[in-house]
Undergrad: 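Before anything else, here's the structure in question.
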Amino acid sequence: MNKRCLEILESSKKYGWVLEPESKEIMRLCGLATTRFAWLRSPADVEKARGGISFPAIAKVVSPEIMHKSESGGIATGIMSDDEVAKAFSDLSGLKGFAGIIVEEMASGAEVIIGGKKDPQFGKVAMIGIGGTSVEIYRDVAMRLAPVSHKESMAAIESLRGIELLRGHRGRPRVDLEALAGFFSLFSRSFVGLGDGVESIDLNPVICNGDRMIIADARIIF
């Protein structure tokens, strides 16, 4: 395992989970792309360059006490200027456990959910499904024992009822399913490689457009 991954995991154990910007850093170190983002921890950081983040952008609270940001009013969308970044920082700074905000570019494409969990009977299991808000309603997901081979990843994707949404149904962004299978397979190997201390990983959504797969939100739980 990468030394930096170990450092993040060790320092995060006191929270029981890994904060979003550090979860994304781990995913990047595993070779999985994420949206470009900046973690702004103080008003002084807001005054600095945002690291090439383009507008429109989204701002999300970073707090070890807030795992579900949308339910806590911890998200500001449609940010179009540096002044609005500063306003989002000020507006979110009153939330419990505030440790800054993450500002990231908005990506477009088909949404999938990818995750992993440690099952008491089967061990580590990886999951892929149609993402976004619909995942909680339709539960259109496929699960495989991790690590998952490329061939098994393709079979999992092709088993989804909503696969036509990934094939460009009615003008939707078309997804390169072979590239998505490679992404899912790499994720599953990374999940295993992070060790038994990691109970679950949730990537929702992963934005897919052509052969580009970009993690927009990530959560690692011990």
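Model, not experiment: these values are computed from the prediction.
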Undergrad: Side chains of I53 and T35: does their closest heavy-atom pair fall under 4.5 Å?
TA: no
Undergrad: Considering only NZ, NE, NH1 and NH2 on the basic side and carboxylate oxygens on the acidic side, decide whether E164 and R167 come within less than 4.0 Å.
TA: yes
Undergrad: For residues 84-95, run the donor-acceptor check on the side chains, cut-off 3.5 Å, and write out each pair with its distance to 0.1 Å, sequence neighbours left out.
TA:
unit_1 : atom_1 : unit_2 : atom_2 : d
E84    : OE1    : M80    : N      : 2.9
K87    : NZ     : D91    : OD2    : 2.7
S93    : OG     : S90    : O      : 2.7

Undergrad: Roughly how far, to the nearest 0.5 Å, is the CG atom of N2 from the CG atom of L29?
TA: 4.5 Å
Undergrad: Between atom CD1 of I8 and atom OG of S23, what is the distance when rounded to the nearest 0.5 Å?
TA: 8.5 Å
Undergrad: Can you give the donor-acceptor pairs under 3.5 Å from side chains of residues 206-222 to other protein atoms, not counting sequence neighbours?
TA:
unit_1 : atom_1 : unit_2 : atom_2 : d
N209   : ND2    : S108   : O      : 3.3

Undergrad: Less than 4.5 Å apart, any side-chain heavy atom of E22 and any of E7?
TA: no
Undergrad: Answer yes or no: is there a side-chain heavy-atom contact under 4.5 Å between I201 and I26?
TA: no
Undergrad: Using the side-chain contact (heavy atoms from CB on, under 4.5 Å) rule, take V112 and V175 through it: C-alpha gap first, then chi angles, then the decisive distance, then the call.
TA: CA-CA 10 Å; V112 302; V175 178; over 6 Å; no
Undergrad: Given side chains that start at C-beta, do those of D82 and F55 come closer than 4.5 Å, heavy atoms only?
TA: yes
Undergrad: Any heavy-atom pair between the side chains of M154 and L177 that's under 4.5 Å?
TA: yes
Undergrad: Applying side chain to side chain donor-acceptor pair (under 3.5 Å), run through K96 and S72 and close with a yes or a no.
TA: CA-CA 9 Å; K96 192 174 182 180; S72 304; over 6 Å; no
Undergrad: For a 4.5 angstrom cut-off between non-hydrogen side-chain atoms, does E104 reach T34?
TA: no
Undergrad: So which atom in P64 and which in Y15 form the shortest heavy-atom distance, rounded to 0.1 Å?
TA: CB-CD2, 3.4 Å
Undergrad: Which pairs count as salt bridge (charged side-chain N to carboxylate O under 4.0 Å, His left out) when at least one residue sits in residues 145-159, sequence neighbours excluded?
TA: none
Undergrad: Can you tell me how far apart CD1 (I113) and CG (N204) are? Round to the nearest 0.5 Å.
TA: 3.5 Å
